[in-house]
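In what follows, a single structure is set out as structure tokens and then discussed.
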Amino acid sequence: MSAVAIKILVTLVGNPNSGKSTIFNNLTGSRQHVGNYPGVTVEKKKGQANYKGHEITFVDLPGTYSLSARSEDERVACGFIVAEKPDVIIHVVDASNLERNLYLYTQLSELNVPVILAMNMSDMVDSKGYTINYEKLSKHLGKPVIATIGNKNKGMDELFTAVIDIYGKKIKNEKTKIDYGEEINLERSKLSNLLAKNKNKLNGYPTELFTLKLLEQDPIATNLIKNFSDNGEIEKQIEKSRHNLRQHFGDDVEVLIADRRYGFVSGVLRETVIQNTEERRNFSDKIDKVIMNRFLGLPIFALVMYGIFKFTFTFSEPVVGWFEIFFTWLSGIVGSIIPAGLIQSFVIDGIVSGAGSVLGFFPLVLFMFFAIAFFEDSGYMARAAFVMDKIMHKFGLHGKSFLPMMISTNGCAVPGIMATRTLENKKDRLITMMVTPFMICGAKLPIFALFIGAFFPAKHGANMMFLMYALSVVIAFSSAWVLKTFVFKGETSYFVMELPPYRMPTIQGLFLKMWERGWLYIKKAGSIILLISILIWASFTFPQINAEKGMNQEVISAMQMEQSFAGSIGKFIEPIIKPLGMDWRSGVALIAGVAAKEVVVSTYGTIYSLGKVDTEKPDSLKKSLQNDPSWTPLKAFAFLMFSLIYLPCFVAVAVFYRESGSSWKWTSFLIFWTTIIAWCVSFIVYQGGKILGV
Amino acid sequence: MLVSIDGGSQTEMRLVEMGFLPGVIISIVSNSGKGPLTINIKGSKLALGYDLAKKLLVKEN
């Protein structure tokens, strides 16, 4: 009989950007996304680890400054800790930023759950010019304190041991007593007397902590007591208590309580931290002076973005070329092996030209992800948000809204929409969610790469991409302004954000990140995109028409496409998109693209492959586009503008629906809003361009 | 040195949690006119929107 493993539930809690996810990844061997900016994790993540006969479940929570939930990501964190009652909490502390980080500890210690402190980034402490006496700190707090270095995987064994020991009660979990002073404690005891009857309704909060939360007017706690059947007795007492304390101290209660907590922290730090030298902040400050300079900040940001595109296009171009040659060769081989007919068409037009055309851009996407990973890990992301704050203010947003938009550019609008959870104000959040999908995500990138590559000279590739990126920002900002002015009127909330220290990204870390995101791209191309490509192929191939004898092969295949299922849909909507310089084929590609934006490319792949009669001599999609006389650079540009703006892919819409609080109203608004703007902008571009004679 | 915060209770609480308490020393790292500024407070660097900075009542020392 094998011994039954002991199950332990452990939660990782800590301030934003303290490195929880890195530690979580180390402990569980999983690969959650990490980055050097606040708000990377907005949802709880679960992972398992087995250690010496213990089955440990780790839950990684979004970063939080306190246990009073003020934004959606913090609500996730606090809700979990209080409701799920983990066996052990690992409090991940940024050791180079102790004071603020330990503020959260003062609240965690009141939860009646054993806490372990992981002093993360302990290698950064030196550069800050002080030494921490971990032993003394542990004694003062009555909790195990472990020095860790997340990105070097140091201290993990010690963490496991501490978890098991504290769970098995081998280490004592002493209570930390924070002295709130006689006056506050008196008011608390009044409240706890009133709460005694409703103890089981506190949702798992210890009464002691709950009284503090009531005094602080914590939104969750205040909501909870509304359901008590005490005729508002508690509410009245809170009012009285708050009044008493304000009378006595001349300050708000929340300030008083925070003051006591910070007082406790600085008391502990006085005993345990030795300041060696004046803080050596020079390096980071010097860089910031330039990067965030009021005149240089924006040009530098533009230059960084341009650099990313230049890097991506310059280095990926030859590799994308090889992929092109490979897929053309593959089509040729298939064409000579499989006899002409439905099966051949299925493989060449459906699979190789469809999903294959998306795979062809894999190198480009990989280079882009690499460049952006550098940008993310270095700590520049938060600075970019800072630099953008001033401009974004003019459009009714603030710097923090910029991070979700960057996350969308870095990969996908779905995590971008999720990242808006860090915004405290509901209206700001909805606006940011509405404009985040305008950014050029990893799935839209192939569309741009394809059309830019086909219709604009190669040396302007990066310039065109940069222009498109800039346009996406302009469109996002202007529509934010419209929404703010006409739909979501009201004050913009305030912008306050921590600026993490600069860190040199490790080559290993960059490659890992690049590969993870790249692998997702391949997986998507091999599953969803492949499936849709086949569907698209089928809808162009059926119903089959009866060709008359003596007709030209090319005429037959053109007729087949036009009269097929997809063709009739395209023809049906053609009148709507004609003024934008698009024909029915673009209509089909755009409709199919709603499933996933890469499909726009794969649909064109199938269309041009089906239209090509001589299967022995296939062309690459890029060449086919160039050889098609119905395209002009202006039409391509108008088409790109439409693709940039029109409604987000299905998954993004679904996530938007969920994150907007299951609001049909806002979801349908998003769908119409984006499509209408897309039509208008394309119309102006195309008709305007024609008048100007472009 | 920070004297007091003049803001809505939500804003104020967030700042208080981040260590903006009366008597705390704040040093300005960069100031860009009407744009956001960067400050050092309690050993960490923060970006602060212009509108928010206006709500902070400080005393020079």
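Every chain is numbered from 1, with letters handed out A, B, ... down the list of sequences. All of these numbers come straight from a predicted model, not from anything done at the bench.
- For A:Asp252, the part sitting under 4.5 Å from any heavy atom of chain B is the side chain, from C-beta outward, and nothing else.
- Only the side chain of A:Asp251 comes within contact range of chain B, judged by heavy atoms closer than 4.5 Å.
- Side-chain N or O atoms of A:Arg242 include one that pairs as donor or acceptor with a backbone N or O of A:Leu215 at under 3.5 Å.
- When all heavy atoms are compared, the tightest approach of A:Ala95 to A:Ser122 is CB-CA, 4.2 Å.
- Residue contact with chain B, scored on non-hydrogen atoms closer than 4.5 Å, involves the side chain of A:Tyr103 exclusively.
- Heavy atoms of B:Ile39 lying under 4.5 Å from chain A are absent altogether.
- Closest heavy-atom contact between A:Lys484 and A:Gly396: CD-O, 3.4 Å.
- Contact annotation for B:Leu21: only side-chain heavy atoms (C-beta onward) come within less than 4.5 Å of a heavy atom of chain A.
- Contact annotation for A:Asp94: neither backbone nor side-chain heavy atoms come within less than 4.5 Å of a heavy atom of chain B.
- Here the closest non-hydrogen pair linking A:Thr64 and A:Val13 is CG2-CG1, 4.4 Å.
- Of the charged side-chain nitrogens involved, at least one lies within less than 4.0 Å of a carboxylate oxygen, so that A:Arg261 and A:Glu110 count as a salt-bridged pair.
- Annotation: maximal heavy-atom pairing with chain B below 4.5 Å, among A:Glu216, A:Glu74, A:Arg383, A:Lys289, occurs at A:Glu74.
- A donor-acceptor contact closer than 3.5 angstrom links the side chains of A:Asp288 and A:Tyr502.
- Of the listed residues (A:Lys400, A:Glu99, A:Met292), the one with the most heavy-atom contacts under 4.5 Å to chain B is A:Glu99.
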